[in-house]
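Notes for the one structure printed next.
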Amino acid sequence: MASSITREYLEFQSDRIEAVLASHKIPVRVHGGAVAPRWIRFHFTAAPSAKLNSIRNLSEEIAMALGASDVRLARDGDTLALEVPRPDAESIRLLPLMKKLIQGGAVIPPVAACIGVTDDGRPLLLRLPSPDVAHVLVAGMTGSGKTELMRSLLVSLAATNRQSKLQMALIDPKARGFAPLANLPHVLGRPATDVPSATIMLERLVNEMDRRDRAHISSPRIIIAVDEVVDLLMMGGKQVEMLLTRIAQRGREAGLHLILGAQKPSSITLGANLKANLPVRLVGRVGSTEDARVAAGVAGSYAEKLRGQGDFIAVSNGNITHFQVAHIPSEDMVQFQKAFQGRAAFIENDEEVNE
C-alpha cells in the first residue's frame with residue numbers, strides 16, 4: 001500500500017460517504033473495505049428502505065466530495081460497495097505477480113493463466129481445461145485494455161507450461177496485438193494477419209481436432225487466440241464463422257481452446273452458435289448499458305462504468321468478479337523472451353526453474 005493511503009485517510013473518506021448520503025436522507029454505515037493497487041473499495045450497509053438507484057444517482061456528488069474523478073457502486077454479496085480510484089494508482093506487472101505467487105508456495109495448475117488481481121488482492125487464475133471455462137470472450141472498447149489482457153493471458157500460459165504441453169495459434173488481423181509474442185517457442189508458425197492465412201490456420205486446426213477425436217487424445221493443448229475477431233468475421237464471412245463455431249462446439253475435449261477478443265461482440269457479428277459456446281466473459285469498459293449486457297451475457301454488470309486501462313470484470317456462471325489486469329511492459333517482455341534462448345527457463349506449476 002502506498003504511504004498516502006493511511007487509516008486516517010480511509011476513515012476521513014468513509015465519513016464523507018456517510019455524510020453525503022445522510023444529506024439526502026439515506027443513512028448508511030461504512031464498515032470496512034479493501035485497498036487494491038488502482039482503487040479503494042468501501043463496504044457499507046444502508047437502511048432497508050434505501051433504494052439502490054437513489055444511491056447510484058448520487059455517484060457524481062459522492063465523487064466530488066471524495067475528490068475523485070468518478071466512483072462505482074457494486075454489490076459484494078449482501079453488502080454494497082463503493083469503488084473509488086486511488087490518488088496514487090499503481091500498475092500490476094504480470095511477471096513479478098506470478099513470481100511472488102509461486103515463491104509464496106502457490107501451485108499454478110496446468111493450462112491456467114494468471115490474469116490479474118481481484119478486489120481482495122488475490123491473483124485471479126483462469127484454468128482453461130475446466131468444464132466451466134473451455135473458451136473465453138474478451139470484450140472492451142478502445143482503451144479498455146482488451147489486447148493487453150489477451151497478451152498477458154498468453155504470456156502467463158507460456159511461463160508455466162512447456163511447449164510439449166501447450167501450443168498457441170495466433171490470429172491478429174491488425175498485425176499489432178500479438179506481434180510481441182511471435183517468437184515464443186509455443187507459437188505454431190507465424191501469426192495469421194489476413195483472411196487467407198487465418199482460414200488456412202483454422203482449417204488445419206479443425207482437421208487436428210477431428211484427428212484427436214478419432215484418436216481420443218487432447219494433448220498438447222492448443223490455445224487459439226484471435227484479436228479483433230469481429231473484423232475477421234466481417235472479412236472472412238461464413239467460412240471463418242463455421243470453422244470457429246466447430247472449434248467452440250467440440251474443441252474442449254480435443255484440447256483446443258478459443259480466446260476471442262472483440263470490441264462489440266453482438267450475436268449478429270459473432271454468430272449465435274459461436275457466442276453461445278463462450279461461457280467465460282472478460283469484459284472491460286464498453287460504451288453503453290446495452291453493450292455491457294451483450295458483452296457480459298448478463299444484465300446489471302455495469303461494465304459501462306469501468307474505468308478502462310485494465311479495469312475488468314470476469315463473468316462465469318452468472319457470477320461477476322471485478323479485477324485489475326496484470327500487464328507486461330515491453331522491458332519485461334524482452335527479458336521474458338530471453339529466458340527461452342539457449343537453456344530455456346520456465347516457471348512450471350510447482351517448480352521455478354532459472355529465470
Side-chain angles (χ1 to χ4, degrees), residues 91-99 108 110-116 125-128 135-140 142 144-194 197-198 200-202 204-205 208 220-229 231-232 244 247 251 255-263 282 284 310 312 325-342 344-348 353 355:
S91 63
I92 302 170
R93 289 166 57 197
L94 174 67
L95 298 183
L97 173 65
M98 294 181 66
K99 187 172 183 179
I108 299 179
V111 200
C114 178
I115 57 175
L125 299 181
L126 185 68
R127 187 167 185 268
L128 293 175
H135 310 295
V136 180
L137 174 66
V138 184
T142 300
S144 66
K146 168 181 62 67
T147 302
E148 185 72 52
L149 170 53
M150 296 180 72
R151 277 199 298 263
S152 293
L153 189 157
L154 295 170
V155 168
S156 176
L157 290 170
T160 55
N161 296 272
R162 294 188 183 275
Q163 181 187 6
S164 60
K165 302 293 184 181
L166 181 141
Q167 298 168 0
M168 299 176 184
L170 306 180
I171 299 177
D172 186 5
K174 292 188 176 179
R176 294 194 303 268
F178 296 149
L181 312 181
N183 294 325
L184 290 179
H186 303 72
V187 175
L188 298 170
R190 298 178 61 84
T193 57
D194 54 31
S197 60
I200 291 171
M201 179 180 287
L202 291 172
R204 289 175 176 171
L205 289 165
E208 172 65 8
R221 299 277 172 172
I222 300 177
I223 311 303
I224 305 158
V226 185
D227 197 14
E228 304 297 351
V229 67
D231 288 356
L232 181 67
L244 286 172
I247 295 170
L256 276 64
H257 304 278
L258 291 172
I259 310 292
L260 305 182
Q263 292 192 33
L282 306 178
F312 266 70
V325 170
H327 76 113
I328 179 161
S330 56
E331 60 269 24
D332 285 7
M333 192 67 207
V334 170
Q335 292 301 315
F336 180 72
Q337 294 203 14
K338 285 182 179 178
F340 293 108
Q341 297 176 6
F346 294 78
I347 308 168
E348 185 171 30
V353 184
E355 244 181 36

Could you tell me if the side chain of M201 sits less than 4.5 Å from the side chain of R190, heavy atoms only?
no
Return yes if some donor-acceptor pair links the side-chain N/O of E148 with the main-chain N/O of I328 below 3.5 Å, else return no.
yes
Tightest non-hydrogen contact, residues P220 and Q167, listed as CG-NE2, 3.6 Å
Q163 side chain to P185 main-chain N or O, any donor-acceptor pair under 3.5 Å?
yes
Between K146 and V138, what is the shortest heavy-atom contact and its length?
CD-O, 3.5 Å
Output yes when a side-chain donor or acceptor of Q337 lies under 3.5 Å from a complementary backbone atom of P180, and no otherwise.
yes
Working to the nearest 0.5 angstrom, can you tell me the gap between L256 CG and R221 CZ?
9.0 Å
Quick check: do V187 and L170 have side-chain heavy atoms less than 4.5 Å from each other?
yes
Quick check: are there more than 12 heavy atoms from other residues, nucleotides or ligands sitting under 6.0 Å from CZ of R127?
yes
Side chain proximity check, V229 to L258, heavy atoms < 4.5 angstrom:
no
Distance check, rounded to the nearest 0.5 Å: C114 atom SG versus L94 atom CG?
6.0 Å
Quick one: are M98 and I108 in side-chain contact, heavy atoms under 4.5 Å?
yes
Note: A198 and I171 closest approach over all heavy atoms is CB-CG2, 3.8 Å
Got a second to check how far L260's CG is from E228's CD, nearest 0.5 Å?
11.5 Å
Run the numbers on D332 and V155 for side chain to side chain contact (heavy atoms under 4.5 Å, CB included), then give the verdict.
CA-CA 11 Å; D332 285 7; V155 168; over 6 Å; no
Just verifying a value: how many Å separate I222 CD1 and M168 CE, rounded to the nearest 0.5 Å?
11.5 Å
Is any side-chain heavy atom of L128 less than 4.5 Å from a side-chain heavy atom of L157?
yes
Would you say that T160 contacts L166 through its side chain, given a criterion of any heavy-atom pair below 4.5 Å between the two side chains?
no
Hey, is the main chain of V111 close enough, under 3.5 Å, to the side chain of N161 for a donor-acceptor pair?
yes
Going through the checks in order, is the side chain to side chain contact (heavy atoms under 4.5 Å, CB included) test met by I259 and M150?
CA-CA 8 Å; I259 310 292; M150 296 180 72; 4.0 Å; yes
If you measure from CG on D231 to CG on D172, what distance do you get to the nearest 0.5 Å?
10.5 Å
Is any side-chain heavy atom of L282 closer than 4.5 Å to one of V325?
no
Heavy-atom closest pair, residues R151 and R176
NH1-O, 4.4 Å
S144 to F312 - nearest heavy-atom pair and separation:
O-CE1, 3.2 Å
Quick one, L181 and M333 - any side-chain contact, counting heavy atoms below 4.5 Å?
yes
Closest non-hydrogen atom pair, G177 against D227
CA-OD2, 4.0 Å
Checking the side chain of T193 only, and the main-chain atoms of A175 only, is there a donor and an acceptor separated by less than 3.5 Å?
no
Is the backbone N or O of A113 less than 3.5 Å from a side-chain atom of S156, with the two atoms forming a donor-acceptor pair by type?
no
Apply side chain to side chain contact (heavy atoms under 4.5 Å, CB included) to residues L154 and F178 and explain how you reach the verdict.
CA-CA 9 Å; L154 295 170; F178 296 149; 4.0 Å; yes
Spacing of NZ belonging to K99 relative to CZ belonging to R93, to within rounding of 0.5 Å:
10.5 Å
